[in-house]
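Here is how names work: the chains are called A, B, and so on, in the same order as the sequence lines, proteins then strands, and each is numbered from 1.
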2 protein chains.
Amino acid sequence: MTPPSEPISLSPEARPAEGRAVLPLYDQDPTERADAARNRAKLLEAAAALIREQGAEHLTMDAVATAACVGKGTVFRRFGDRVGLLFAVLDQTEREFQNAFMFGPPPLGPDADPVTRLEAFGVESLRRLAADMNLYLEADQQASARYGAPPRKVRARHVSMLLRRAQVEGDVELLTETLLGTLDPAFVNHLLTNRGRTAEELESGWCDLVARITHHC
Amino acid sequence: MTPPSEPISLSPEARPAEGRAVLPLYDQDPTERADAARNRAKLLEAAAALIREQGAEHLTMDAVATAACVGKGTVFRRFGDRVGLLFAVLDQTEREFQNAFMFGPPPLGPDADPVTRLEAFGVESLRRLAADMNLYLEADQQASARYGAPPRKVRARHVSMLLRRAQVEGDVELLTETLLGTLDPAFVNHLLTNRGRTAEELESGWCDLVARITHHC
DNA sequence: GGAATAAATGGACCGTGGTCCGCTTTTATG
DNA sequence: CATAAAAGCGGACCACGGTCCATTTATTCC
């Protein structure tokens with residue numbers, strides 16, 4: 001069972017880790033200047049603190065800059081835009097999850113059968129989503145960023161691989177995207193908040209969908 | 001075969017049509033003052049013109065107000081916010097579609113079997129999406145508006161009804177939302193633009209998904 | 001028709017995301 | 001260590017979405 005690749009960071013600048021550690025390393029773009037790296041760390045820390053205190057929905061770029069004692073331009077230079085900053089804050093968590101489903105123990109990791117792994121993948125996604133829903137919702141706003149982001153690609157590769165190993169016939173890529181669509185933050189939040197669904201229902205709904213797609217007659 | 005209900009407008013102010021016409025009427029809130037109605041019309045016209053000229057992505061509220069020779073506050077009073085205005089511009093098209101799948105001829109309308117109607121529903125959605133993609137993308141930005149909007153609810157009711165008539169077992173509402181997720185503008189646009197999928201592939205992908213969900217063994 | 005009431009109006013105003021560019025700091029080079 | 005090139009910096013500035021409220025306009029009732 002060959003791990004497909006290194007975990008891929010949310011931040012465009014970050015590079016793949018050197019080793020095959022199960023937990024991701026805090027790697028940086030080596031060409032980044034010392035002061036830039038320092039400011040990046042200060043900004044991430046400030047952003048995380050502000051999100052903890054006031055919620056991601058009230059995070060303003062000015063506030064982050066001020067809290068980190070840094071000019072506003074620096075925030076944009078480091079993270080591109082607001083969504084980029086939010087992604088960077090989510091980065092750590094994202095990479096843990098990636099490691100778990102690529103290298104970790106069953107049922108998520110490689111030592112389980114594909115259908116079990118698919119089920120576990122969705123269930124774990126839903127739980128992590130629930131844990132940081134507001135942050136994910138904020139980061140999700142821009143439609144363009146939603147699908148192109150590296151973590152999404154990693155997940156898509158992973159799910160496609162599992163579908164193929166489960167001998168699924170048909171347009172695997174399209175089925176993959178359909179499955180991932182079910183885990184979209186805004187979508188899950190809608191079901192939980194406006195449709196009165198419980199987390200358990202969503203989890204078993206995911207497993208049912210996996211069954212329908214993999215056991216099609 | 002009983003039509004479930006009247007077409008529901010995108011705009012909160014609009015009321016259901018009086019008759020059972022196949023094509024929707026331009027109905028208004030009767031309590032709306034004459035000057036307000038006049039401005040609404042002027043604004044919708046101006047917005048549509050600007051969108052035609054420069055694309056929905058460049059539409060600003062100031063520009064619409066100026067083009068309609070109206071104060072900016074009026075635009076917001078009439079349509080709530082930018083998404084509300086875009087929805088209002090889409091309203092006409094939306095209601096045509098609603099009429100088509102609720103009262104129109106087969107394969108969309110009531111005189112076809114449920115699975116055929118489901119297939120036609122997705123295919124037609126995808127085509128209409130393609131025709132006004134930029135406008136739909138702009139209107140889609142706000143996650144909260146995405147799922148709560150009246151047309152989405154109408155579609156959900158419709159698809160649920162068809163699934164039940166097709167004797168589908170399981171959590172029909174969840175399956176409905178999954179199916180509709182496949183027709184999300186941002187999602188479809190991503191597949192067409194970034195994944196190099198063709199409209200035909202998406203259409204047959206939809207039909208395949210319908211088959212997997214309705215013919216589950 | 002005129003007064004009273006309610007609704008609508010418009011544009012000044014505000015907050016926030018994002019850009020720009022002259023200046024400062026770091027780093028590479030000899 | 002000196003110097004030059006490159007990278008980073010900061011905060012003034014801009015555009016746009018959205019709010020507010022003093023004033024104007026439509027409607028209703030007598």
Nucleotide [N], atom [atom2] - distance to [atom1] of [X] in whole Å:
| X | N | atom1 | atom2 | answer |
| --- | --- | --- | --- | --- |
| B:Arg82 | D:dA15 | CZ | C1' | 13 Å |
| B:Phe79 | C:dA8 | CZ | P | 13 Å |
| B:Met61 | C:dC14 | CE | P | 21 Å |
| A:Leu59 | C:dG17 | CG | P | 8 Å |
| B:Asn39 | D:dA26 | CG | P | 10 Å |
| A:Arg77 | C:dG17 | CZ | C1' | 18 Å |
| A:Leu43 | D:dG10 | CG | P | 9 Å |
| A:Glu57 | C:dT16 | CD | P | 13 Å |

**Report entry** N-O pairing of B:Arg152 and B:Glu177 below 4.0 Å
**Finding:** yes
Query raised in the report: DNA chain D: A:Lys72 or B:Lys72, which has the more 5' nearest nucleotide?
Result: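 Taking each residue's closest nucleotide, the earlier one in sequence belongs to A:Lys72.
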Query - Whichever of B:Val83 and B:Ala34 has its nearest DNA chain D nucleotide further upstream toward 5' - result: B:Val83
What nucleotide, of [options], holds the atom closest to the side chain of [X]?
| X | options | value |
| --- | --- | --- |
| A:Arg33 | D:dT27, C:dT9, D:dA7 | D:dA7 |
| A:Val70 | D:dG10, D:dG18, C:dG18 | D:dG10 |
| B:Thr74 | D:dG10, C:dT9, C:dG17 | C:dT9 |
| A:Asp81 | C:dA8, C:dG18, D:dA7 | C:dG18 |

Report task. Establish, with yes or no, whether the OP1 or OP2 oxygen of D:dG8 is under 4.0 angstrom from a side-chain nitrogen or oxygen of A:Arg78. Result -> yes
Query raised in the report: Does atom CD of A:Glu45 have more than 12 heavy-atom neighbours, drawn from other residues, nucleotides or ligands, at distances under 6.0 Å?
Result: no
Report summary line: Taking for A:Thr60 and for A:Gly73 the nucleotide of DNA chain C with the nearest heavy atom, the one nearer the 5' end belongs to A:Thr60
Report task. Indicate, with yes or no, if the rings of A:Phe121 and A:Phe97 have centres closer together than 6.0 Å. Result ->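 Yes, the ring of A:Phe121 comes within the 6.0 Å limit of the ring of A:Phe97, centre to centre.
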Requested in this report: Tell me what B:Leu85 touches on the nucleic acid: a base, only sugar-phosphate, or nothing, going by heavy atoms under 4.0 Å.
Outcome: nothing
Query raised in the report: Does a donor on one side chain and an acceptor on the other come within less than 3.5 Å for A:Gln92 and A:Glu96?
Result: yes
Requested in this report: Describe, in one word, how the ring planes of B:Tyr147 and A:His190 are oriented to each other, choosing from parallel (under 30°), tilted (30 to 60°) and perpendicular (over 60°).
Outcome: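 Parallel, since the angle between the ring planes stays under 30°.
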